[in-house]
Amino acid sequence: MILDTAPGRGDSKTIWSGLAAGGRLFTTYSDGSGLGQFIMKGDHTLNEVGQGLGRAIAGILPWQEAFLACRNAVDPHTLFLSTGNPWDGDLSAELYEALLGSGTLMDYGPSLAGRRLVFCRAGAATAGRRQALKAFVNDGGALVMLLGAPAELLGEFGIALEAEAATRGFVGEVTLSGQAPLPGVKGAFASTARTAPKPSGEGWAVPARYADGDIPAILHKAEGKGQVWYLNFQYSYDSTLDMKTEATSINEDNEAIRARMGDMLQQRYAPGGRIRREAEVFRRAIAAIAERAGVPGAYQTLDRDGSAIPYVETQLLETSDGSQKYLIAYADYRLPQGATNAA
């Protein structure tokens with residue numbers, strides 16, 4: 001039995017139900033999908049949620065044949081550059097799920113040591129950090145600058161912004177050509193924000209553009225021994241929904257939004273549907289960027305058409321002392337009614 005600390009599941013009812021069904025091996029972990037709850041405070045003491053989970057676990061320990069505490073096996077080569085918890089604002093659910101669906105569970109924090117691929121939005125505010133990223137690229141690393149990255153950081157690599165980001169009411173279509181440096185990645189998805197970047201110097205490739213003009217959506221250039229990317233878009237499953245906010249807010253005031261979000265999630269499961277089709281194009285673009293940086297996905301869960309199955313995933317776990325690693329396969333509780341076979 002897997003005990004997930006996400007809301008509504010990491011509770012004593014789940015544990016006792018498992019015991020009643022004959023479960024004897026329990027693994028506790030937080031899935032890291034953005035739906036999980038913090039169980040510790042900043043001083044590393046248990047908060048109210050953690051204390052409740054601790055009481056539930058303590059109550060069943062005498063009945064168990066085995067108890068294994070574990071954690072997600074983070075990919076040490078992939079970093080979301082952040083000075084704090086990226087879920088506080090910088091990291092989108094769509095980007096996180098694209099990497100997870102491609103078999104890469106990225107790390108986050110401020111350290112560049114040992115990294116091959118770094119995603120950056122707001123984590124390069126100081127001149128020292130920008131110089132460190134410049135050195136990281138020159139030494140062979142791949143830097144992906146997301147929409148919202150500081151103009152000073154873009155300037156370090158020869159990109160000037162001719163206009164502020166268009167956000168309010170904007171929806172544009174990003175079209176990938178399937179050409180280098182993302183060969184074979186073709187298709188389109190919607191973007192809810194963009195800038196007007198103007199790259200200087202030679203060597204820039206534009207594997208994706210906006211359909212309504214000549215504005216580049218993805219820029220790429222080899223730099224030193226490494227490479228830089230600028231993703232001039234904000235991909236969202238639905239331009240009218242904030243996935244992260246709605247996924248982590250539980251109240252009775254946003255039921256209409258939550259219902260619309262539920263409809264959108266249902267559409268994500270339909271092979272060939274617009275939302276799932278666009279999500280797959282985005283996932284493949286991110287996976288190709290990671291593979292080009294030397295970070296191929298460790299595992300994938302694919303449907304018959306070759307697209308990743310939303311919320312039916314495998315995930316690599318390891319024991320807290322690192323002595324054991326194993327894969328779990330799970331189906332998310334949001335699977336639509338009637339979906340019984342996701343193999």
Side-chain angles (χ1 to χ4, degrees), residues 4-6 29-36 38 70-124 129 132-133 136-137 139-149 153 182 185 218 220 226-231 233-237 243-244 247-248 279-280 282-301 308 310-311 313-318 322 325 327-328 330 332:
D4 185 343
T5 60
Y29 82 109
S30 176
D31 65 0
S33 69
L35 298 176
F38 289 109
C70 69
R71 66 182 183 87
N72 291 327
V74 175
D75 181 353
H77 300 122
T78 307
L79 175 73
F80 190 90
L81 186 62
S82 174
T83 57
N85 184 352
W87 284 101
D88 288 341
D90 289 345
L91 176 59
S92 70
E94 290 83 359
L95 174 58
Y96 181 89
E97 290 182 2
L99 285 164
L100 182 61
S102 301
T104 299
L105 187 61
M106 64 180 166
D107 196 4
Y108 71 87
S111 175
L112 301 177
R115 315 297 188 181
R116 297 177 185 171
L117 174 64
V118 172
F119 291 86
C120 177
R121 172 168 280 127
R129 179 53 55 84
L133 287 170
F136 165 77
V137 171
D139 289 341
L143 173 64
V144 181
M145 298 177 290
L146 303 172
L147 186 71
L153 177 62
L182 297 176
V185 183
I218 300 178
H220 172 268
Q227 54 191 310
V228 292
W229 300 81
Y230 178 49
L231 306 189
F233 59 80
Q234 181 63 54
Y235 170 66
S236 175
Y237 295 137
M243 284 289 293
K244 183 169 56 179
T248 56
E280 179 63 13
F282 175 70
R283 184 195 70 81
R284 290 187 179 186
I286 297 299
I289 290 172
E291 186 168 358
R292 188 180 176 91
V295 187
Y299 45 84
Q300 292 183 357
T301 307
Y311 298 114
E313 298 164 343
T314 53
Q315 197 162 330
L316 184 64
L317 302 179
E318 66 180 13
K325 292 186 179 182
L327 280 174
I328 63 168
Y330 64 92
D332 192 276

Could you tell me the separation between the CD atom of E94 and the CD1 atom of I286, rounded to the nearest 0.5 Å? 11.0 Å
Going by the rule ring pair (Phe, Tyr, Trp, His ring centres under 6.0 Å), which residues pair with F282 if we only count those two or more places apart in sequence or in a different chain? F189, Y235
Intermediate values then yes/no, side chain to side chain contact (heavy atoms under 4.5 Å, CB included), V228 and V144: CA-CA 6 Å; V228 292; V144 181; over 6 Å; no
Salt bridge (charged side-chain N to carboxylate O under 4.0 Å, His left out): pairs with one or both residues in residues 284-293, sequence neighbours excluded: E280-R284
CA sep, side-chain torsions, deciding dist, call: V118, F136, side chain to side chain contact (heavy atoms under 4.5 Å, CB included): CA-CA 9 Å; V118 172; F136 165 77; 3.6 Å; yes
Close side-chain approach of L112 and L81, heavy atoms under 4.5 Å: yes
Could you tell me which non-hydrogen atom of L133 sits nearest to which non-hydrogen atom of C120, and how far apart they are? CD1-SG, 4.4 Å
Is the shortest heavy-atom distance from the side chain of Q234 to the side chain of S92 under 4.5 Å? yes
For residues S82 and R121, determine if any side-chain heavy atom of one lies less than 4.5 Å from a side-chain heavy atom of the other. no
Listed partners of T78 passing side chain to side chain donor-acceptor pair (under 3.5 Å), at least two apart: D75
Over all atoms of both residues, closest heavy-atom pair of T104 and G297: OG1-CA, 3.9 Å
Please check this pair: side chain of R116 against backbone of H77, looking for a donor-acceptor N/O pair closer than 3.5 Å. no
Run the numbers on F119 and L91 for side chain to side chain contact (heavy atoms under 4.5 Å, CB included), then give the verdict. CA-CA 9 Å; F119 291 86; L91 176 59; over 6 Å; no
Taking all non-hydrogen atoms of both residues into account, name the closest pair between L79 and S111 and its distance. CD2-O, 3.2 Å
Starting from the C-alpha separation in whole Å, work towards a yes-or-no answer on side chain to side chain contact (heavy atoms under 4.5 Å, CB included) for I218 and L182. CA-CA 10 Å; I218 300 178; L182 297 176; 4.2 Å; yes
With sequence neighbours excluded, tell me which residues meet side chain to side chain donor-acceptor pair (under 3.5 Å) with Y230. T195
Sequence neighbours excluded, which residues qualify as side-chain contact (heavy atoms from CB on, under 4.5 Å) partners of S102? R283, A287, Q300
Below 4.5 Å, heavy atoms only, C-beta onward: do W229 and L143 meet side chain to side chain? no
Of all pairs that satisfy salt bridge (charged side-chain N to carboxylate O under 4.0 Å, His left out), the ones with a partner from residues 101-112, not counting sequence neighbours: D107-R115
Closest non-hydrogen atom pair, A279 against Y237: CB-CE2, 3.9 Å
About how many Å separate CZ of F233 and CG of L147, when rounded to the nearest 0.5 Å? 9.0 Å
